[in-house]
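Single-structure report; data block below.
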Amino acid sequence: MGTQTVTTDTLVEIEKRVLWLSTAIVDAANRRGDPSGLKVGGHQASSASMTTIMTSLWFEHLRAGDRVSVKPHASPVLHAINYLLGELDERYLSTLRAFGGLQSYPSRSKDPDPVDYSTGSVGIGATAPIWGALARRYVDTHFGGAGQGRQYSLVGDAELDEGAVWEAILDPMVGELGEVVWIVDLNRQSLDRVVPAIGAPRIEGMFSAAGWQVLTVKYGRLLHELFDRPGGDALRARIDTMQNAEYQRLLRCDADEVRTRLPDGHAGLEELVAGLDDDTLLAAVRNLGGHDTAALRDAFSAIDDTRPTVILAYTVKGHGLATAGHPQNHGSILSADQVRELADAVGADPDDPWRRFDPESPAGEVVAAAAQRLHRDPVDDQPVPPLPTDIGRTPTGRATTQAALGRALLDLTREAPEAAGRVVTLCPDVSSSTNLGGWVNKVGVWSTAERKDWFDDDPETILHWRERPTGQHLELGIAEGNLVGALGELGATWSRWGRPVLPIGVLYDPFVERALEPWSFGIYAGGQSILVGTPSGVSLAPEGGAHQSVTTPSVGLEQPGCVTYEPAFAIDTEWTLLASLARLGRPDGTSAYLRLSTRPVDQTLAAVPADPAARERRRRQVVAGAYPLRRAAGTPALTIAVAGAPTTEALAAADRLAELGHDVDVVVVTSPGLLFDALQARAGRPARPQTEPWILESAFPARRAAPLVTLLDGHPHTLAFLAGVNRVPATHLGVHRFGQSGDLASVYAHHGLDADTVVAAGLDLL
């Protein structure tokens, strides 16, 4: 694999320096303190359990094309290694958790040194390399230039409790990704305790059942040597059957206590233990495979690149520190005396903590060779091909915003084929029910190899499942976390390899909240994508409360790095989709969330201007967040601001109020978040870059200020801030309780989204 063979003694020397630096980074942060008195924190013990593994990986096995996700609490080890490799300036080593300094957990977007994957949210960083491998393969089959390399995850064993881990491992696509390698830091401790039964054989069985290669690195050379002596079989059986907590207790014992506790009546074991000197005995109980460079080297050499691999590396939490093995060492910090003891043990100088290796020493030469081997040239950026802002069609008849998504994608393949070639769609088994069937038939389904579609000649088959490396649709299993994990990594290809793709993930809107945390984390890590939630709201009346979303409209209002749109008409969907695509795949880009509906609406109600200039003005308003759909002839008595599907009810209510002698303005809100930011910008407060402050006066001109009714198929607080635009009295209508099944009229009446309720609310204000 082109790796570098390093002597064990040299690797141990580098490991000691990495252990020292990672410990000193946390120590410096806590000596710096926080002026407010808050604990600075850090994880010296969690870092120490990874130092052998990470030293072995970086300085002997890793290649420039490889990518590594580092478990969150081992971030100081990553920074220590980057420092030795010359990738981090010394001034940052004392800035862990300081403002503008090293982040608490590895961050692609915020740390000053190279970080391949952001981690910190349990399970998400661990699984990211799976989706990174998928994204690399997709980019390479379509555009080339993504290179080769393994995708490593360094995972804490407690992180395997997270369901997202197993959702990812079990997805059918993952079994084909031989470049994926997980290394589990099996230290058998969590934050609060020694885990009573980590069940390594059970974990091995679960990975094996998913088709992974399982390599277990349990014991080091010393223990293997002892196993070969008389009584060695008894020693091995004793350790193998020992409860985790009992083993951890041995790590806190002196030699005399170990001699008493370890034999436990096992025949032949007392004689073996009695023949060992104190230092050898104490070293033996700590001699686990995850701290043995030779054992790790054997494991790395045995990786089968035809399928995913997991290496279960037994370790000691806090290895090499005074706190090693203590059940409460997770967030403990070494005392000043303990730091000096560590310095003596590893040959460091506390008064010169950041000293590098002599370049001419064996360790210095290995570090220099690793730095050269791991050097990455800057990526060759390919810009996203030009996208149209308006395809030019004016929808007629009755249509849904959900169907408009599929229509717009198909139109894009004709109007801008080069840009359309960058689009990739993803679904968790809902392609047909979210109106992507035409697009899927057109572009095909992506797979690593071409597969025969056995229903291609079936005349009753509407959705054709043509799998091939040139396909542009990815179908994952029913696990929303997997969908947005892949979405985030596909959205990061522009920065990883300079090959931008335009990823669109489509799922049922009620499940957006299930996917929100990993999607949000993907945005934080630099992944730019479009998430489409459809169908949405109680407008999905027959499906009942389990499939009716309530709080999702506020996602874009509150989610950093994201612009949300809830279009009312098909043309709004097209314009907002094109605008969202144009913001992807670039350094100043941003993600988007589109909330769509299956409610058919008369498209003539959109009153799209025929004049080209007026049409462009409307498009700009739609993209900026709102547009006036209907203006009263004179000064309005009332304004109705509506988002999404209930626009029909807003217009009907406006007609009825006009018949009662009250002229009404109707404003369609396409993006509550952009309007809120425009209001913030008007007050001189920070707002997202996409904000267009002029939209407030365009949609809600002060000269037409009137009492306000807001209406949407979602929680009413989403639009409540609009009352502050012109400081008018207001009533806010929406959904604030779980839905139920029924016809649309009954469900709307139940939630107060119907025209009767809007009219009554308007009259109350008047």
Side-chain angles (χ1 to χ4, degrees), residues 15 18-19 21-23 25-26 41-58 62 66-82 96-97 102-108 110-111 113-132 150-166 168-169 180-192 195 198 200 203 207 217 288-291 296 299 309-321 329-331 485 518 521 524-525:
E15 177 197 343
V18 170
L19 173 64
L21 288 171
S22 61
T23 305
I25 286 170
V26 179
H43 300 87
Q44 291 173 330
S46 294
S47 293
S49 67
M50 289 296 299
T51 52
T52 317
I53 293 170
M54 292 178 67
T55 299
S56 177
L57 184 59
W58 259 265
L62 211 60
D66 298 336
R67 298 290 187 272
V68 188
S69 169
V70 177
K71 77 170 191 176
H73 294 157
S75 66
V77 184
L78 177 61
H79 297 311
I81 289 174
N82 280 338
L96 180 70
R97 300 188 173 209
L102 300 176
Q103 298 300 296
S104 304
Y105 311 117
S107 173
R108 255 192 107 221
K110 295 182 180 295
D111 271 317
D113 53 331
V115 174
D116 290 334
Y117 289 100
S118 297
T119 59
S121 188
V122 175
I124 297 174
T127 58
I130 288 177
W131 313 122
R150 286 176 177 163
Q151 299 278 342
Y152 290 93
S153 282
L154 308 183
V155 186
D157 52 9
E159 199 162 7
L160 297 182
D161 292 343
E162 174 56 54
V165 167
W166 300 105
I169 287 168
V180 171
V181 179
W182 283 27
I183 306 171
V184 179
D185 173 17
L186 208 66
N187 61 46
R188 293 160 291 180
Q189 283 187 236
S190 61
L191 190 151
D192 291 327
V195 179
I198 199 67
I203 294 172
F207 275 102
V217 187
L288 298 181
H291 299 302
L296 289 169
T309 296
V310 60
I311 299 173
L312 302 178
Y314 281 72
T315 61
V316 174
K317 192 165 185 174
H319 177 71
L321 305 182
N329 68 5
H330 181 80
F521 199 81
Y524 166 77

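In this chain, numbering begins with 1 at the start of the sequence shown.
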Gap between atom CD1 of Ile169 and atom CG of Leu160 - 0.5 Å precision: 7.0 Å
N/O donor-acceptor pair under 3.5 Å between Gln103 side chain and Asp111 backbone: no
Minimum-distance pair of heavy atoms, taken over all atoms of Leu19 and Ala48: CD1-CB, 3.7 Å
Check: Ser153 side chain, Ser69 main-chain N or O, donor-acceptor pair, under 3.5 Å: no
From CD1 (Ile311) to CZ (Phe207), nearest 0.5 Å: 11.5 Å
Worked verdict on Val18 versus Trp58 for side-chain contact (heavy atoms from CB on, under 4.5 Å): CA-CA 11 Å; Val18 170; Trp58 259 265; over 6 Å; no
Contacts of His79 that satisfy ring-ring contact (aromatic ring centres under 6.0 Å, His included) - sequence neighbours left out: none
With sequence neighbours excluded, residues passing side chain to side chain contact (heavy atoms under 4.5 Å, CB included) with Ser47: Ser22, Pro76, Val77
I'd like a table of donor-acceptor pairs (distance under 3.5 Å, sequence neighbours excluded) in which one partner is a side-chain atom from residues 121-132, with atom names and distances.
residue	atom	partner	partner atom	Å
Ser121	OG	Glu517	OE2	2.0
Thr127	OG1	Gly123	O	3.0
Thr127	OG1	Ile124	O	3.2

Check: Leu102 and Ser75 side chains under 4.5 Å, non-hydrogen atoms: no
Asn82 (side chain) donor-acceptor with Pro114 (main chain) under 3.5 angstrom: yes
Distance, nearest 0.5 Å, that separates OG of Ser49 from NZ of Lys71: 3.5 Å
Qualifying salt bridge (Lys or Arg N to Asp or Glu O under 4.0 Å) pairs with a residue from residues 118-130, counting only residues at least two apart or across chains: none
Nearest atoms (heavy-atom pairs only) where Ser56 meets Leu296: OG-CB, 4.0 Å
Those residues that, when tested against Tyr524, pass side-chain hydrogen bond (donor to acceptor under 3.5 Å, both in side chains) (two or more places apart): Ser107
Interatomic distance, Trp182 atom CH2 to Leu312 atom CG [nearest 0.5 angstrom]: 11.5 Å
Whether His73 and His43 hold their rings parallel, tilted or perpendicular, with breakpoints at 30° and 60°: parallel
Val115 to Pro106 - nearest heavy-atom pair and separation: CG1-CB, 3.8 Å
Spatial distance of atom CD (Glu15) from atom OG1 (Thr52) [nearest 0.5 Å]: 3.0 Å
Contacts of Asp116 that satisfy salt bridge (Lys or Arg N to Asp or Glu O under 4.0 Å) - sequence neighbours left out: Arg376
Test side chain to side chain contact (heavy atoms under 4.5 Å, CB included) applied to Thr315 and Leu288, Val184, Ile53, Thr51, the passing residue: Ile53
Check: Asp66 and Val181 side chains under 4.5 Å, non-hydrogen atoms: no
Met50 CE to Thr55 OG1 distance, which is reported to the nearest 0.5 Å: 9.5 Å
Where Arg108 and Tyr117 come nearest, the two heavy atoms and their spacing: CG-N, 4.0 Å
Note, Leu154 side chain near Asp185 side chain (heavy atom, < 4.5 Å): no
